[in-house]
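Note on naming: letters A, B, ... go to the chains in the order of the sequence lines (proteins, then strands), and numbering restarts at 1 for each one.
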There are 2 protein chains.
Amino acid sequence: MGMTNEGERPPGPPPPPTGAAFLLAQLGAHAAELFAERLAELDLTPPQSGLLRLLADSPGRSQRELADDLGMPPSRFVAFADELEERGLIERRRNPADRRLYEVHLTDEGGKLLEGLRKVGAEHECRLTDGLSGQERDQLTGLLRRLADRQGLSPGVHPGFRSMRTERTERTGRRAGRRSGR
Amino acid sequence: MGMTNEGERPPGPPPPPTGAAFLLAQLGAHAAELFAERLAELDLTPPQSGLLRLLADSPGRSQRELADDLGMPPSRFVAFADELEERGLIERRRNPADRRLYEVHLTDEGGKLLEGLRKVGAEHECRLTDGLSGQERDQLTGLLRRLADRQGLSPGVHPGFRSMRTERTERTGRRAGRRSGR
DNA sequence: TATTGTTATACTCTATAACTATA
DNA sequence: TATAGTTATAGAGTATAACAATA
């Protein structure tokens with residue numbers, strides 16, 4: 001008993017039948033989750049795929065720049081890049097002009113994986129917009145793009161990387177020592 | 001040096017101008033982030049607000065049921081509920097019929113906070129769909145709802161709670177012991 | 001024996017702050 | 001002195017697995 005609501009809903013309007021904001025958050029999380037599942041088939045996490053795409057667009061940048069773009073501290077970027085380098089997907093090259101810097105590049109194998117990544121992305125797009133006509137899909141994309149613009153979201157950068165698992169689970173062995181200049 | 005791409009983009013179509021799937025993930029993360037900021041003004045996290053709303057809709061359910069709905073293990077739910085109970089927002093009542101169960105209820109204060117929560121939600125909705133006409137907003141909401149339906153997303157449940165900070169940071173003191181039947 | 005609530009533990013992930021080498 | 005990269009460490013957050021009480 002007590003003086004709190006006992007079973008009936010309190011007076012006032014019923015909860016709105018789910019507005020656009022909530023639907024966006026819900027669908028966005030769902031889209032990210034689904035995409036992560038597809039990426040797992042390529043043994044990639046979303047941040048890893050983000051780096052690969054970044055390197056395809058602008059190769060040779062420094063680790064710090066890339067870490068900034070991905071929204072992670074440079075210290076975290078090291079192990080993050082280590083794993084991809086061990087797998088032969090990316091490559092560090094000393095910058096001769098400024099020997100403090102590493103230029104990070106995609107390897108040939110990394111480039112090939114990027115192709116698979118594009119395919120996964122396209123399939124994901126289809127799966128997610130399933131049930132919409134071509135016209136409706138365009139309509140939706142247009143509205144979303146306007147919202148993203150209005151909200152100041154830079155195209156192609158996913159803010160959620162900040163709080164995302166950076167490595168695939170089940171990393172059995174420790175990182176192989178790759179130190180040279182120490 | 002090396003046989004990898006040296007600066008030009010590889011052949012093939014340029015990256016698509018950001019499809020609907022990516023925009024959804026991006027906007028969804030943005031919406032969640034923005035909402036979390038507004039929630040912080042009420043000293044609430046998204047999962048906490050989720051529980052409050054859950055309790056408003058169906059009071060008196062057991063901790064296990066609620067934990068399941070929120071997508072967290074029951075063990076985690078304990079501390080989660082402890083904090084809200086200490087703050088006087090929710091209340092545990094023994095179920096006399098089955099003394100293993102606690103009925104979880106909203107307190108009066110919790111109900112009052114829920115009002116503020118509704119207001120924040122409405123403002124958030126406006127802020128996020130800013131720049132759209134009323135007709136466009138309806139259009140967008142309709143499309144999103146159809147997608148959510150098609151994807152099998154239950155209305156009102158946010159899958160992202162699973163991987164979300166459950167408590168507000170800067171908890172200075174430890175939890176006050178509230179044990180009685182031990 | 002099964003289930004709810006709870007606690008304890010061990011583990012993962014993270015940021016922070018040092019430290020090295022280059023500039 | 002400042003900056004890129006790196007390592008070490010300490011802290012937060014988590015799931016898992018025990019445990020107690022009740023059924």
What integer distance in Å separates Leu70(A):CG from dT14(C):C1'? 16 Å
Tell me whether Glu109(A) is salt-bridged to Lys112(A), with the criterion being a basic N under 4.0 Å from an acidic carboxylate O. no
Could you give the CZ-to-P distance, from Phe80(B) to dA15(D), as a whole number of Å? 12 Å
Let me check something: do Leu117(A) and Leu55(A) share a hydrophobic cluster, defined by ILVMFWY side-chain heavy atoms less than 4.5 Å apart, either directly or through other members? yes
Let's see if you can work this out: which of dG5(D), dT16(C), dT22(C) has an atom nearest to the side-chain heavy atoms of Tyr102(A)? dG5(D)
Whole-Å distance between dT4(C) P and Asn95(B) CG? 12 Å
In whole angstroms, the gap separating P of dT6(D) from CZ of Phe77(A) amounts to 9 Å
In whole Å, I'd like the distance from the CD atom of Glu83(B) to the P atom of dG13(D). 10 Å
Is there a donor and acceptor pair, one atom on the side chain of Ser75(A) and one on the base of dT14(C), closer than 3.5 Å? no
What is the distance from CE of Met72(B) to C1' of dG5(C), rounded to the nearest Å? 15 Å
dist Thr18(B):OG1 -> Leu24(B):CG (nearest 0.5 Å) comes out at 12.0 Å
Carboxylate-amine/guanidinium contact Arg92(B) Asp82(B), below 4.0 Å: yes
For Arg76(A) and dA17(C), is the shortest distance between a side-chain N/O and OP1 or OP2 below 4.0 Å? no
Among the candidates dA23(D), dT14(C), dA2(D), find the nucleotide nearest to the side-chain atoms of Arg100(A). dA2(D)
Nearest-nucleotide comparison on DNA chain C, the residue closer to the 5′ end among Pro73(A) and Leu101(B): Leu101(B)
Cation-aromatic face contact Arg93(A)/Tyr102(A), 6.0 Å, 45 degrees: no
The side chain of Asp98(B) lies closest to which of these nucleotides: dA23(D), dG5(D), dA23(C)? dA23(D)
Roughly, in whole Å, what's the span from CD in Glu85(B) to C1' in dG5(C)? 13 Å
Nearest-Å distance for atom pair CZ/C1', residues Arg94(A) and dT6(D): 11 Å
